[in-house]
Amino acid sequence: MFSLYYKSPLDIITIIEQNAKIVEISFGKECKAELIETPTPLLENAKKQLEEYFAGKRKYFDLPIAPKGTNFQLKVWNELVQIKYGTTKSYKDIAKAIGNPLAYRAVGHAIHKNPIEIVVPCHRVVGCSGKLTGYASGIDIKKKLLELENL
């Protein structure tokens, strides 16, 4: 595994690559012993795309990703990638979209475990009323990401 730390406008972001795919993008500096801070071309590309996103110049990411999770989590995360920039969906919307309309709490748990923040846009999921609800990196960061996308 290789990693790169990027000082974004909101916080330090850890980007992790494994087998030529992005496996994690998270706020905060990870302190995993197995991480080698090495700016590979893929990590540099991911950093560049994040910089463009924060500058308001990028709305879609073009990165090879390989999040690790259960089949249910992967199904939820694949649905999150479909949420367009500048829009939001509710947990219930995601549950319906994956064919399990009563699983909105399980969807919430899967979203909380999303290892590739921003690129797999879990910040675009809100409560049914439109209210901001939990975010693994904190509601303040979620709010700032949505404000960046003019929501």
Side-chain angles (χ1 to χ4, degrees), residues 1-70 72-91 93-94 97-98 105-127 129-151:
M1 283 199 291
F2 302 102
S3 67
L4 182 132
Y5 302 107
Y6 160 52
K7 188 174 184 325
S8 81
L10 302 181
D11 193 2
I12 292 174
I13 293 177
T14 299
I15 310 168
I16 301 175
E17 172 188 343
Q18 185 174 31
N19 299 324
K21 299 211 188 269
I22 299 296
V23 295
E24 185 175 330
I25 294 177
S26 58
F27 284 97
K29 191 168 184 177
E30 291 289 325
C31 294
K32 295 179 182 175
E34 69 272 15
L35 290 182
I36 302 166
E37 190 171 5
T38 306
T40 67
L42 176 57
L43 291 171
E44 289 290 351
N45 184 26
K47 176 185 171 188
K48 179 180 180 250
Q49 289 191 32
L50 287 167
E51 289 172 335
E52 291 169 351
Y53 169 80
F54 284 110
K57 297 176 183 175
R58 176 172 290 275
K59 296 182 181 183
Y60 305 98
F61 292 92
D62 180 24
L63 296 167
I65 62 172
K68 295 176 184 169
T70 66
F72 182 80
Q73 289 170 332
L74 292 170
K75 199 172 189 181
V76 170
W77 301 336
N78 285 333
E79 191 59 36
L80 296 182
V81 175
Q82 307 307 313
I83 305 172
K84 293 182 179 171
Y85 182 97
T87 64
T88 59
K89 288 195 175 185
S90 71
Y91 296 91
D93 293 335
I94 302 300
I98 64 168
R105 286 187 184 191
V107 164
H109 290 293
I111 289 171
H112 184 74
K113 297 286 187 181
N114 172 21
I116 306 178
E117 294 183 67
I118 303 172
V119 173
V120 177
C122 53
H123 62 280
R124 295 180 188 151
V125 181
V126 297
S129 66
K131 182 180 177 187
L132 294 188
T133 54
Y135 186 64
S137 294
I139 292 289
D140 287 343
I141 287 180
K142 181 174 187 166
K143 182 178 179 186
K144 288 175 183 172
L145 290 170
L146 291 173
E147 286 171 354
L148 175 73
E149 296 183 17
N150 295 312
L151 292 174

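Applying the salt bridge (Lys or Arg N to Asp or Glu O under 4.0 Å) rule to pairs touching residues 39-48 yields K48-E52, sequence neighbours excluded. Among pairs with a residue in residues 9-23, none fulfils salt bridge (Lys or Arg N to Asp or Glu O under 4.0 Å), at least two apart in sequence or across chains.
Note: I22 CD1 to L42 CG = 4.0 Å, rounded to the nearest 0.5 Å. In this structure, the separation between NZ on K68 and CD on E24 is 9.5 Å, given to the nearest 0.5 Å. Once rounded to the nearest 0.5 Å, the distance linking CG of L10 with CD1 of I118 reads 7.0 Å. Distance check, rounded to the nearest 0.5 Å: CG of L145 to CG of D140 gives 11.0 Å. Between the OG1 atom of T40 and the CZ atom of F2 there is a distance of 7.0 Å, given to the nearest 0.5 Å. How far CD of E51 is from NZ of K57: 10.0 Å, rounded to the nearest 0.5 Å.
Partner I25 forms a side-chain contact (heavy atoms from CB on, under 4.5 Å) with one of I116, N114, V120 and no other, that one being I116. With respect to E149, the salt bridge (Lys or Arg N to Asp or Glu O under 4.0 Å) criterion is satisfied by exactly one of K143, R124, K144, K142: R124.
Residues I12 and Y5 approach most closely at CG2-CB, 4.3 Å, considering heavy atoms. The two residues G28 and T14 make their nearest non-hydrogen contact at O-OG1, 2.6 Å. The two residues T70 and Q73 have their closest heavy-atom pair at N-OE1, 2.8 Å. Taking each heavy atom of P121 and L80 in turn, the nearest pair found is CG-O, 3.2 Å. Summarising the geometry of P67 relative to I65, their closest heavy-atom pair is CD-C, 3.7 Å, with the distance given to 0.1 Å. A pairwise comparison of heavy atoms in G69 and L74 identifies O-CD1, 3.8 Å as the closest pair.
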Using atom types as modelled, flag every donor-acceptor pair under 3.5 Å from a side chain in residues 131-138 to any protein atom, sequence neighbours excluded.
from	atom 1	to	atom 2	distance (Å)
T133	OG1	Y91	OH	2.9
Y135	OH	E117	OE1	2.8
S137	OG	E117	OE1	2.8
S137	OG	E117	OE2	3.0

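A donor-acceptor contact shorter than 3.5 Å is absent between the side chain of Q49 and the backbone of R58. Judged purely by atom type and a 3.5 angstrom limit, S3 has no side-chain atom pairing as donor or acceptor with the backbone of I16. A side-chain donor-acceptor contact under 3.5 Å links W77 to the backbone of A110.
For Y6, there are no ring pair (Phe, Tyr, Trp, His ring centres under 6.0 Å) partners at least two apart in sequence or on another chain. Remark: F61 engages Y53 in a ring pair (Phe, Tyr, Trp, His ring centres under 6.0 Å) (not counting sequence neighbours). A search for side chain to side chain donor-acceptor pair (under 3.5 Å) contacts involving T38 returns nothing, not counting sequence neighbours.
Side-chain contact between I15 and L50: present, with at least one pair of heavy atoms (C-beta onward) separated by less than 4.5 Å. Side-chain contact between I94 and I83 is present, with at least one heavy-atom pair separated by less than 4.5 Å. Y60 has its side chain out of reach of V119: every pair of non-hydrogen atoms, C-beta onward, lies at least 4.5 Å apart. A heavy-atom distance below 4.5 Å is not found between the side chains of V23 and P115.
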